[in-house]
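Worksheet: the structure to be examined is printed underneath.
Computed from a predicted model, the values in this text were never measured in an experiment. Throughout, a chain's letter reflects where its sequence line sits, starting with A, and its residues are numbered from 1.
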Number of protein chains: 2
Amino acid sequence: MPRHQNRAAAGGRRRASHSMESVLTEAVALLDEAGPSALTFRALAQRLGGGVASIYWYVASKDELLDRATDHVIGGVLAEIEAIEPGDDPIDDLRAMSLTLFDAILVRPWLGNYFMRNTDVQGNALRLYEKLGQPTLRLKLTARQRFHAVSAITTVVVGSAVDLGQEPPQEVLDGALGRDEFLGRFAATWRELDAQDFPFVHEIVDEFDGHDDIEQFRAALDLTLTGLRLQAGA
Amino acid sequence: MPRHQNRAAAGGRRRASHSMESVLTEAVALLDEAGPSALTFRALAQRLGGGVASIYWYVASKDELLDRATDHVIGGVLAEIEAIEPGDDPIDDLRAMSLTLFDAILVRPWLGNYFMRNTDVQGNALRLYEKLGQPTLRLKLTARQRFHAVSAITTVVVGSAVDLGQEPPQEVLDGALGRDEFLGRFAATWRELDAQDFPFVHEIVDEFDGHDDIEQFRAALDLTLTGLRLQAGA
DNA sequence: ATCTCTATCGAACGCTGTTCTATCGTACCT
DNA sequence: AGGTACGATAGAACAGCGTTCGATAGAGAT
């Protein structure tokens with residue numbers, strides 16, 4: 001592991017000169033551009049203009065690379081969340097923070113899969129967890145209820161995000177097939193199901209067709225927050 | 001794809017004779033015994049006493065294998081859920097179904113990662129989705145609210161389960177390190193954090209230490225169901 | 001000038017999912 | 001019976017992956 005940051009990158013030489021920063025930045029860029037399957041040590045090395053093995057000086061394994069890359073961008077999210085001014089209602093604050101986190105995962109669907117995997121490496125994730133928990137300190141709850149509340153909220157956020165994070169079947173990644181057509185195709189097969197056996201699916205198929213992910217998430221979050229509000233007796 | 005099931009497996013011959021059933025059963029067995037990383041085509045072929053390429057006659061890719069294996073066991077869960085007698089309160093029914101599903105994922109943590117990935121292949125998952133939705137038909141809700149409610153519940157169930165499904169760091173898989181010690185080690189590092197900067201983490205660290213996953217899930221589920229009950233105006 | 005330590009890299013290893021091609025065995029048709 | 005089509009099996013090879021090894025370049029200290 002590197003003990004000192006790289007001071008400067010020497011000019012056009014043979015050997016490449018990296019830094020933790022550049023490694024994580026390029027890793028994130030790869031994840032953003034083409035999803036988790038595109039982040040390979042070879043692809044990353046090529047982007048950095050160096051050899052494969054060099055990356056192992058900064059990172060002990062791919063898992064650690066993913067954890068550090070995740071925490072790297074979570075740092076930005078944390079800053080956004082810390083910039084939120086606390087209001088009168090703690091639950092409204094929780095709501096705002098959750099939406100900010102969700103938005104971030106919406107832009108980078110891969111985040112959900114690695115977020116909070118290992119708080120040893122993911123220091124920013126831990127800080128974010130703390131930040132999410134602080135509003136609950138202003139609620140009339142037991143410590144256990146607070147713990148469960150924040151767990152429930154992160155579950156909803158990350159769970160919703162993971163749903164979205166599933167790599168679409170290539171056709172929509174290419175842009176050949178739009179998201180609406182993708183949903184529509186599912187909806188079409190659902191509509192062909194027997195109406196007797198699948199009354200619920202028929203009831204909601206029009207809602208599913210072309211639905212908005214953010215709205216769906218907001219609905220799930222609000223159910224949880226309503227429950228929490230009731231629990232806090234406010 | 002096989003059009004006919006295998007009628008009989010001829011006695012001790014050279015060539016192996018499979019069936020969709022046996023392929024999925026052995027795949028599930030591998031997943032159960034040693035997690036997703038243990039399910040490889042080579043390991044599976046060895047268990048089936050045949051060659052690697054044979055599996056591709058039943059399944060077009062590993063993704064499909066995972067989808068079918070998942071749906072295979074979801075079939076059992078579906079039967080359990082269909083055996084539940086509907087009661088007076090639709091939300092109580094929802095609760096019972098969710099707990100049944102969660103229990104199933106608790107026993108097979110890998111389930112959460114593949115559940116509902118592709119309802120084309122996962123027919124039982126679709127039926128389970130329908131079953132989860134039916135109680136909401138008895139609630140005073142709009143179609144959209146019903147859709148969002150069931151999505152929220154599956155998110156909580158699967159989200160909680162995925163959290164648990166993360167392959168533990170080998171030490172606890174070996175049994176060398178118990179789950180309690182594993183949690184305790186995290187708790188210990190959390191306790192060493194600055195109390196000023198991490199008031200919430202300090203507040204809940206004792207709850208985290210040695211916490212029960214099922215209880216944590218139940219708390220998250222109940223928050224959502226309470227919110228839903230309020231929404232339905234009951 | 002030599003030594004040490006940081007940082008780099010090419011080549012190789014073992015593993016993976018997947019494909020190619022060849023084949024066996026059975027059921028059916030004449 | 002003999003021929004043929006096809007369901008079903010399998011070994012070998014391929015490309016790609018994460019990871020390890022051993023060698024080595026460069027900069028600063030002695």
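- Between A/Tyr56 and D/dC21 there is no side-chain N or O to OP1 or OP2 distance below 4.0 Å.
- Nucleic acid contact class of A/Ile55 (heavy atoms, under 4.0 Å, all strands): none.
- Regarding A/Leu30, its CG atom lies at a distance of 11 Å from the P atom of D/dC17, rounded to whole Å.
- Among the atoms of the strands shown, base atoms are found under 4.0 Å from some heavy atom of B/Ser54.
- Taking only side-chain atoms of A/Arg15, from C-beta outward, the nucleotide of C/dC9, D/dG18, C/dT18 with the closest atom is C/dC9.
- For B/Tyr58 and D/dA8, the shortest distance from a side-chain N or O to OP1 or OP2 is not below 4.0 Å.
- For the salt bridge (Lys or Arg N to Asp or Glu O under 4.0 Å) test, no residue two or more places apart in sequence or in another chain qualifies with B/Asp163.
- Applying the ring pair (Phe, Tyr, Trp, His ring centres under 6.0 Å) test to pairs two or more places apart or on separate chains, those with a residue in residues 97-116 of chain A are A/Phe102-A/Phe217.
- Scanning atom types as modelled, one donor and one acceptor separated by under 3.5 angstrom connect the side chain of A/Arg42 and the base of D/dG18.
- Side-chain atoms of B/Trp57 lie closest to D/dA8 of the nucleotides D/dA8, D/dT19, C/dG17.
- Side-chain contact of B/His148 with A/Gln216: a donor-acceptor pair under 3.5 Å is absent, judged by distance alone.
- Counting heavy atoms from C-beta on, the side chains of B/Val28 and B/Arg108 come closer than 4.5 Å.
- Comparing A/Ala43 and A/Ala60, the nucleotide of DNA chain D nearest to each residue sits closer to the 5' end for A/Ala43.
- Residue B/Lys62 has its side chain nearest to C/dT18 when only D/dT9, C/dT8, C/dT18 are considered.
- For the pair A/Leu65 CG and D/dC17 C1', the interatomic distance rounds to 14 Å; values are reported in whole Å.
- The phosphate of C/dT6 (OP1 or OP2) has no side-chain N or O of A/His18 nearer than 4.0 angstrom.
- Nearest-nucleotide assignment on DNA chain C puts the 5′-proximal partner with A/Ala53, out of B/Phe41 and A/Ala53.
- In this structure, B/Leu44 reaches neither bases nor backbone, as no heavy-atom distance under 4.0 Å exists between it and the strands shown.
- Side chains of A/His211 and A/Asp213: a donor-acceptor N/O pair is present below 3.5 angstrom, by distance only.
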